[in-house]
Structures are given as structure tokens and as C-alpha cells.
Amino acid sequence: MKLLEVIPIMKGISKETLTYFTSGEVSAGSIVRVPLRKKTISAIVLSLQEVSEVKSSIKESSYSIKKIEKINSFGLVLPEFIEASKEMATYLASSTGSVINSIIPKNILLDSEKLKFETKSVAHSRPHEKFVLQDDDTDRCVSYRSLIREEFAKGLSVFLCLPTIQDIKKTFETLSRGVEQYTFVLHGGLSKKETVDTWSKIINEPHPILIIATGSFLSVPRSDLGTIIVDKENSSAYKSQARPYLDIRKFSEILSEKMKARLVFGDLLLRTETIWRHGQGEFIEFSPLKFRSLSTAAQEIIDMKKLKGGSKESPFKIISQQLEYMVIENQENNEHMFMFVARRGLSPTTVCNDCGNIVICSVCKAPTVLHRSNKENFFLCHRCGERRSAMEKCAKCDSWNLTALGIGMERVHQELSGKFPSMKIFRIDSDSAPTQKIATKTVESFYESPGSLLLGTEMALLCLREKIDSVAIVSIDSFFSLPDFRINEKVLNILLKTRSFASRNFLIQTRDASQKVIECATKGNLAEFYRDEIKNRKEMEYPPFSMLIKITLSGEKKKISEEMQKLEKYLAPFPLAIFPAFTPFAKGKFSMHALIKIPRNRWVDEALLGKLRNLPLQFSINVDPESLL
């Protein structure tokens, strides 16, 4: 007789796991049918124990444990996947059920009975090894093609993990050549039928295969997996924004160890933590790390502070003379041009000239962004969506003397349209291209229109696929105002990715030319950036020298403050830094963070883990957060 812990596959159940007993044959990772609320539902087996081993705890249980009369179990995921999920749950101070629910696609769970598979044991003769690859996109793809051929020759499959659907589409075109019939793509943009059909083909294909997918499909049961590649490893998209805040990179690391598969982290610029870990001997070089990123484009940095001029409405210049010349030359040569703009809207900040007060959202207190409208300009909160007329006085001193500061997408579009009325201008941001389909169509139209200009935020970088004659950074400075320890790394990534599309010219406009990261980007000096970054992080005791655990609580302001004081006493002797969220109000609730900073080698600390797991559900726990904001 066995005691089973299962995850119910059904909506509206508050408990993440349920317990049953059975005399039938079953294994971890199997799907079983269990009785619940006068119904019979499907559930995935997390773990099982012999009843004889836990008799005393069963007798002391406050609820009766039901028996599963009939077992019709079948495999859905591998036992190694279950083991990896358990270890990941410990790392996240969460539950195994929560981890599994976040990494097995819902379409697969709902149609699990159609996806039965037979476990085939594949013995790996090599030890588990972890590699890093820092190189440009083209050379990384060459390395991956070689690796895939090598694994296929050994009868092993490869999982190539990418952060976004756009990345998957671009990579598929490159890596599937010659192995199209053995290459499978999975991502959240597929329909339910497409997902289930592809999953079924993957588990039934006898030949080694290449899977190109997002991280949630690491649950696919291919026991012949020889290599897991996590490309674009620096992408923040790998970290979930919802509980249990799962990091696909960490899960890949754990899963590859359980399966004795090779792991490869690759990017143009790896995370600072990953480069440091390589230096500590935790990773092996797949090939010598490239710390010099080269470009064939002519590069120039324009210090916008030194420029004078503008108008009454815009007291400082938005477009430098050098950038104007570049646009003119681009049109004369009938070439393409791309301009990166950090923020959407007209201006990201509006201040009162009389008292210095910043115009903020009345709901969540975040700074509002000024937007243009045919009827009347308006303030829009990009956090909660509040919209109100821009024809208002200062909330603090009742003054009309409000000034819009900073450079937004609409402002740049307005400026360029006035200077170059005959030029065809395309835009990609969440206002002009709210869906991926619209963004993709916009990029296609841009490439098909010589002499045209594309304006884009970070969203555009995901859609671009070919080199562009001239590329410019119109604004990047607003990022530096964010009090985030990863911000320099984020800015360098944006600059390097934007520059990688430039074939002839690359220009950066900035009002803060002293920022070292801008110089490192134009010179492609990744080594100097890393030396400065790791030094700063060591001084501030940020990752990789510490493990950060962020605990967030939201609600009524006074009560939240009281609860945080109780939390501080409860978690003693672990010191807490308590502070309001960067935008403290959201949806009418006040949010505060509590930050625990412990040495990296001390996590997982069993005493702290026990306390965190016992916290009520209203406390949101984020281990190794992407941001402290």
C-alpha cells in the first residue's frame, strides 16, 4: 500500500497538493485519476511512500485519506523532472506543486491523457558539465550547429531554450537547416491543438531531436536529452513575474544535473553573476569567452548637454545636427535607418517649475507620462493605466507652470515628422504595436521600404532580423535614474544589441556622456565593464557575493507597516532592510519590501527556509529577484 502526494489538475482548488493511498502500481511523474468533491479528476503524482513507513502520521491526521480504487496511471513527465522541481521549490522557499504548476503548460496538463509515453532509459557515459559561451549571435549559432550535430551522432537530443517567441522564430530559421524533420518548436503563441500535436510528435519520435522552445516546455519527457542550451542568458524574461518567481536558468541548471545532461549558457554578454561563477570554476568555457565585441559601423557619441537651441515648447534639442545629417544621408542613399527611444509617450516626467513637484498618478503614485492626442494631451500612468487631462495645475502649489521633461517616442516622432515631412516613419512600441502580429508586420513593411525610418523601444529589438544601414540611440539616459543594481548591465545589453544591427553608422545621443557604460558599449570593451561592475557589486554586497530574498506585502498602509515590524522580529536573527516599493501604490494598495541579504554560500539556510515557508500567503517571497524596485 502506498501513500501518494498529488497535484490536482483542476481549477478552483485552494490546496496545491492532496494525499491519497492505493495498492496499485504508480510512479512519480505519472497521471492518476483521483476522487474529489463527488468528481473524478486527473492529478500528477509528486511523491509516494509505503504506508507502513508513515502509519503514525496517518493516524494523527486531522482528515481522512481517500483510497484510489482503480489506477490507470501513465507517464507525463520524467522522474528527473519531479526531482528537479522539488529542489527548485526548496531554493525558492515555495512548494513543489507551485513550481510544477508554473512550468508545465496548461494545455499539456488538460490534454494529458492523449500524451502517454513509455520511459526509455538512456545511459549517459559522461559526467554532468556546465559551459559558458560569450560570443556574438552569428558565432554562437555556428557553435550550436556543431554541438547539435555532435549530439545527434551520439544518439542524443538537444533542448535549446530561448526567452521569447521572437527569439525562437529567428533561431529556428538558422538552426533547423538540414535537420528540419527533427526540429520542433514550442512556445506560448501556439494554439492548444498545435501544442498538443507537437508535444505528441516529440515524445514519439525515435530519432534524436532538436527542441527550440521557451522554458515552460523543459517538462517535455525526452530521456535522451544530452544537452540543454540556455541562449540569451542575460534576458530578464527568464525570471517569472508571478509566484513562485521561478528562474528558468536556475531550473535548467538543476534539471541538467538530474538528467546528467550538458548545460550551456550563451549570450553576447553573460550576466555578471555567470561570468563570476566561471571565474570560480563553476563553469567551463565552451570556447574562449570574447570580451571584445566588434562592429564594422562608424561610431559616435554626441554630448547633448553641449548643444544649444530648441524652442519655447522644447528648451533643449531632441535631435542633434549629426543625427539630422545621418537622416538626410539615409534618404539620399535610399537606405534604412533605425532609432532607439527608451520611453513611449511625449515626455516621461512632468515637473512644476515653481515648487519642483513631480506630476504623479493619483492611484498608484507613479510618475505619469505625457501623451499626445488629437483633441487634448493627457497624462497616462504606465503602471496602473490611470488617464487624465494634461490641462491641470500643480497638485502641491496650484501653479500652472508645469514643464515636460525627458524624451519619449511621440515627441521624437513629432520632431522628425516636422523636419522630414516626406520621410516614411514606422513605429514599434506598446502604443503603436499592441500585438506581436502588428509589430512583425510593421518590421516587414519597414524592410520593404528603402529610405524609411523605424522608431522603436526595446520591443523593436526583439522583432528586427536583418542589418540596418544606420542606427541611432535617441535617448537612453532615463534608465540611469532607476535605483536598480542591475541597471548598468541592462543598459549595456540594450546598447550592444542595438549596435549589432548597424552595418554602416552607429550614433548615441546622451546628456550624460560621463557614464562609463556608454564608452564600453561603443568600444565593445566587455572586460572593462565586467571589472567595474564586479567591483561595485562586491563593495555593495550584491549578487554574486550575496543571495537576496525580497519579501513583499501589499494592503492598507498603516497595517502593512505594522506587519513589516512583526516580520522583522519573526525573522530575527536574519537582518531585514524594510522600504516602500519604487511605486508604492498599485490598485489602491500600498506595497512595502523587506530585503534579506545573506552570503551566497549560505543559501539554502534551513532555519531561514523553515521560517519563510511558514509565512502566511499574503507575504510574497522572491528569491534572487531581478530587481529590488
Side-chain angles (χ1 to χ4, degrees), residues 107 137 162-174 185-195 212-214 216 232 235-237 241 327 330 335-348 369-375 377-378 380-387 407-417 420-475 494 497-498 500-501:
N107 287 339
D137 291 358
L162 287 158
T164 68
I165 296 172
Q166 298 91 327
D167 291 320
I168 287 173
K169 289 178 178 178
K170 285 188 282 188
T171 304
F172 173 78
E173 294 174 5
T174 305
V185 167
L186 285 168
H187 54 71
L190 300 177
S191 67
K192 179 181 177 181
K193 185 178 186 306
E194 289 172 326
T195 301
I212 304 176
T214 49
S216 61
K232 299 190 183 293
S235 173
S236 59
Q241 298 304 304
V327 175
N330 183 75
E335 295 175 339
H336 292 96
M337 186 171 186
F338 170 64
M339 290 188 189
F340 177 88
V341 185
R343 303 293 186 199
R344 56 194 174 106
L346 281 170
S347 298
V369 178
L370 182 63
H371 282 255
R372 182 163 57 93
S373 171
N374 293 332
K375 294 182 179 179
N377 289 354
F378 60 92
L380 178 67
C381 175
H382 288 182
R383 181 180 177 92
C384 72
E386 185 203 35
R387 174 172 171 160
I407 300 170
M409 174 69 75
E410 291 178 21
R411 196 169 185 180
V412 176
H413 193 178
Q414 194 175 37
E415 182 90 357
L416 289 168
S417 298
F420 307 99
S422 63
M423 183 171 59
K424 196 164 189 179
I425 302 176
F426 297 92
R427 268 179 59 185
I428 293 183
D429 58 16
S430 54
D431 291 328
S432 58
T435 66
Q436 182 55 42
K437 186 176 181 180
I438 294 174
T440 302
K441 190 174 180 180
T442 300
V443 167
E444 289 173 356
S445 299
F446 163 67
Y447 279 121
E448 292 169 0
S449 306
S452 64
L453 169 67
L454 174 65
L455 293 173
T457 57
E458 285 180 81
M459 184 179 177
L461 297 178
L462 297 172
C463 304
L464 296 175
R465 62 178 189 274
E466 297 171 14
K467 289 281 187 179
I468 300 169
D469 302 287
S470 297
V471 173
I473 303 285
V474 180
S475 67
I494 291 172
K497 287 177 182 177
T498 307
S500 70
F501 290 107

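Quick caveat: nothing in here was measured; it's all calculated off a predicted structure.
Listed here is the closest heavy atom pair of V443 and R465: CG1-NH1, 3.8 Å. Across every non-hydrogen atom of R427 and D431, the tightest pair is NH2-CB, 4.1 Å. Contact record, F338 with G456: CE1-N, 3.7 Å, taken as the closest heavy-atom pair. Heavy atoms only, all atoms of each residue included: V341 and I407 are closest at CG1-O, 4.3 Å.
Considering NZ of K170 and CD1 of I212, their distance stands at 13.5 Å, rounded to 0.5 Å.
In terms of modelled atom types and a separation under 3.5 Å, the side chain of K169 and the main chain of C463 share no donor-acceptor contact. Distance alone, capped at 3.5 Å, places no donor-acceptor pair between the K497 side chain and the L462 backbone. With hydrogens and angles disregarded, no donor-acceptor distance shorter than 3.5 Å links the side chain of K424 to the backbone of L454.
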Which is it for D137 and K232 under the side chain to side chain contact (heavy atoms under 4.5 Å, CB included) test, yes or no, and what are the steps along the way?
CA-CA 9 Å; D137 291 358; K232 299 190 183 293; 3.6 Å; yes

Could you walk me through whether S430 and R344 satisfy the side-chain hydrogen bond (donor to acceptor under 3.5 Å, both in side chains) test, starting with their C-alpha distance in whole Å, then the side-chain angles of each, then the deciding distance to 0.1 Å, before giving a yes or no?
CA-CA 8 Å; S430 54; R344 56 194 174 106; 3.0 Å; yes

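Residues that satisfy the side-chain contact (heavy atoms from CB on, under 4.5 Å) test with S417, not counting sequence neighbours, are H413, I425.
Within the structure, the ring-ring contact (aromatic ring centres under 6.0 Å, His included) test picks out the following pairs touching residues 444-474 (sequence neighbours left out): H336-F446.
In summary, the side chains of S475 and R343 do not present any donor paired with an acceptor at a separation below 3.5 Å, with no hydrogens or angles considered.
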